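These numbers come from a predicted model, not from an experiment.
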Amino acid sequence: MDKTVPDLEAAIAGIEDGMVVMVGGFGGSGAPIELIHALIDRFKANGSPKNLTIVNNNAGNGRIGIAAMIDAGMVGKMICSFPRSADPRAFTEKYLAGEIGLELVPQGTLAERIRAAGAGIPAFYTPASYGTDVAKGKPVAEFDGKHYVQERWLKADVAILKAELADTLGNLTYRKAARNFSPLMAAAAAKTIVQATKIVQPGDIDPEHVVTPGIFVDAIVQVSDPKQEEALMREGVAYA
Amino acid sequence: MTSKLSNAQIAWRAAQDIEDGAYVNLGIGFPEMVAKFQPPGKQAIFHTENGVLNFGEAPAPGEEDWDLINAGKKAITLRPGAAFFHHADSFGMVRGGHLDVAILGTYEVAENGDLANWSTGPKGVPAVGGAMDLVHGAKRVAVITDHVTKDGRPKLVKRCALPLTGVGCVTRVYTSLAVLDIEDERFVLREKLPTMSVAELQAVTGAELVLPDQIGDLVAPEL
């Protein structure tokens with residue numbers, strides 16, 4: 001078995017119009033910039049994929065990554081907890097113009113909805129958002145004298161993630177705080193595509209150190225010198 | 001009107017109540033300042049929602065590693081004994097009752113413990129982040145805030161008018177003028193500026209203060 005693919009274009013080949021796409025990362029930490037930009041390249045070349053629903057904690061920053069996808073007009077809806085950033089204009093402009101949808105989800109609920117999808121749990125109860133506007137219309141139940149809100153799993157057609165090390169079977173490690181949502185998204189998506197800084201052979205990653213087991217991963221592409229979103233922001237790079 | 005504590009002094013006061021070894025989450029912005037004022041001999045372990053325990057101060061300019069950030073997307077450093085974990089574990093720590101203290105900023109806090117700190121109304125782009133999770137699960141949820149808004153209206157109120165972050169979740173409030181506990185859906189005055197009378201404090205508070213026999217002086221060093 002070998003899950004590696006030769007290049008970014010091949011890695012993203014199955015991402016089609018209207019799909020729900022989970023994008024790893026919290027702000028720039030863990031953002032798979034090269035996979036995102038490969039999607040933008042394809043959209044510019046042949047107009048697809050478009051009308052995507054993007055799941056991420058945020059809604060992009062500046063003119064790169066998810067913000068550049070929004071700028072390009074590829075995104076129909078964001079599912080996120082915090083659509084603000086140092087430079088949120090891409091999302092803000094489209095949102096205020098009514099050109100992009102938003103499902104606002106508390107951050108821990110977002111994580112747990114993704115985790116639940118990967119774990120085969122269709123719904124769960126959380127104390128977060130009880131009694132607030134965010135809970136309107138959702139079932140509520142009382143357990144041991146406290147109120148909880150029912151939330152549903154959040155699945156995706158595809159997840160695009162950034163890992164530090166991958167072996168050819170898809171076992172992954174991450175760099176520092178960059179793992180954030182990625183282990184959850186890997187399990188929640190029907191197809192999980194990973195850009196890894198280095199691809200190694202089975203056995204080269206100590207099984208004790210594997211964070212995401214390869215069962216959750218479908219395709220791996222090596223990006224040896226991945227760009228960091230925050231660093232690109234500070235350089236003033238625009239990808240549009 | 002008498003003088004008031006600066007934000008740094010409010011943060012200093014809140015830091016004095018954090019026990020040695022406590023696991024602590026500090027909200028984005030002003031609450032992050034609390035970490036600077038750990039009393040000698042008391043070492044808290046700080047949690048950030050994006051998946052780090054036991055982080056330290058910001059790195060020197062130019063030394064940032066942007067894979068190592070806090071919930072406010074600011075670069076951080078690690079202390080010995082730090083740990084990384086994914087987002088579901090991170091919020092499991094929050095909702096599962098494993099944090100000792102969460103210290104948050106606020107727009108309004110009500111005498112029944114309701115907190116409003118995520119939205120000032122329907123205008124603009126709504127953003128909630130982890131606030132609605134953080135107010136549940138920590139053993140103590142404390143708020144640090146100026147006692148009144150910039151235009152002088154009380155931030156401590158009978159009932160919140162702004163959209164709620166959480167219901168009945170706040171247990172202690174540190175303000176620029178006083179320290180209060182929320183008990184039985186009332187503000188109980190624990191400390192106030194010594195230069196201020198109870199009547200003066202009541203006049204800038206939007207709910208009735210409960211006055212115990214002992215009310216301490218709220219005194220902070222120059223910072």
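- Contact annotation for A:Arg234: only side-chain heavy atoms (C-beta onward) come within less than 4.5 Å of a heavy atom of chain B.
- Contact count versus chain B (heavy atoms, under 4.5 Å) is highest, among A:Ala31, A:Pro83, A:Gly27, for A:Pro83.
- When heavy atoms are compared at a cutoff of 4.5 Å, B:Thr165 approaches chain A solely by way of its backbone atoms N, CA, C and O.
- Remark: B:Asp151 CG is packed, more than 12 non-hydrogen atoms of other residues, nucleotides or ligands lying under 6.0 Å away.
- Distance check: B:Phe91 CZ to A:Arg115 CZ gives 14.5 Å after rounding to the nearest 0.5 Å.
- Annotation: the span from B:Leu115 atom CG to A:Thr132 atom OG1 amounts to 11.5 Å, rounded to 0.5 Å.
- Smallest separation of non-hydrogen atoms from B:Val125 and A:Arg84: O-NH2, 2.9 Å.
- The closest donor-acceptor contact from the side chain of B:Arg95 to the backbone of A:Pro127 lies at 3.5 Å or more, if one exists at all.
- Shown here is B:Arg79, whose CZ atom has more than 12 heavy atoms of other residues, nucleotides or ligands within 6.0 Å.
- Interface remark: of the candidates B:Ala131, B:Gly51, B:Gly130, B:Gly129, B:Gly129 forms the most heavy-atom pairs closer than 4.5 Å to chain A.
- Taking both residues in full, the closest heavy atoms of B:His136 and A:Ser129 are given as NE2-N, 4.4 Å, listed atom of the first, atom of the second, then distance.
- Both the backbone and the side chain of A:Arg175 come within contact range of chain B, judged by heavy atoms closer than 4.5 Å.
- Chosen from A:Ala128, A:Ala111, A:Gly108, the residue pairing most often with chain B at heavy-atom distances under 4.5 Å is A:Gly108.
- Taking non-hydrogen atoms and a 4.5 Å limit, the residue list of residues 118-126 of chain A in contact with chain B, ordered by number, reads A:Thr126.
- In terms of heavy-atom pairs under 4.5 angstrom with chain B, the leader among A:Tyr130, A:Phe26, A:Phe91, A:Phe82 is A:Phe26.
- Closest of all the heavy-atom pairs between A:Gly131 and B:Val167 is CA-CG2, 3.7 Å.
- Within a 6.0 Å radius of CG in A:Leu96, more than 12 heavy atoms belonging to other residues, nucleotides or ligands are found.
- Note: A:Thr109 leads A:Val211, A:Ile114, A:Thr109 in heavy-atom pairs under 4.5 Å with chain B.
- Between atom CG of residue A:Asp133 and atom CH2 of residue B:Trp118 there is a gap of 6.0 Å, rounded to the nearest 0.5 Å.
- The greatest number of non-hydrogen atom pairs below 4.5 Å with chain B, out of A:Leu110, A:Asn61, A:Asn58, is found for A:Asn58.
- Atom NZ of B:Lys36 has 12 or fewer heavy atoms from other residues, nucleotides or ligands within 6.0 Å.
- Atom NZ of A:Lys138 is surrounded by more than 12 heavy atoms from other residues, nucleotides or ligands within 6.0 Å.
- Residue B:Asp65 touches chain A through its side chain alone, counting heavy-atom pairs closer than 4.5 Å.
- Atom CD in A:Gln107 sits 8.0 Å away from atom OG in B:Ser90 (nearest 0.5 Å).
- Residue B:Pro126 comes nearest to A:Leu104 through the heavy atom pair O-CD1, 3.6 Å, listed as atom of the first residue, atom of the second, then distance.
- More than 12 heavy atoms of other residues, nucleotides or ligands shown are found within 6.0 angstrom of OH on A:Tyr148.
- At most 12 non-hydrogen atoms from other residues, nucleotides or ligands lie less than 6.0 angstrom from CD of B:Glu57.
- The contact between B:Phe85 and chain A is made entirely by backbone atoms, counting heavy-atom distances below 4.5 Å.
- Of the residues listed (A:Gln228, A:Lys162, A:Lys176), the one engaging B:Asp67 in a side-chain hydrogen bond (donor to acceptor under 3.5 Å, both in side chains) is A:Gln228, and it is the only one.
- Heavy atoms from other residues, nucleotides or ligands lying under 6.0 Å from CG of B:Asp20 number more than 12.
- Residues B:His86 and A:Asn180 come closest through the heavy atom pair CB-O, 3.3 Å.
- Note: A:Phe181 and B:His87 have parallel aromatic rings, judged against thresholds of 30 and 60 degrees for the angle between ring planes.
- When heavy atoms are compared at a cutoff of 4.5 Å, B:Val94 does not approach chain A at all.
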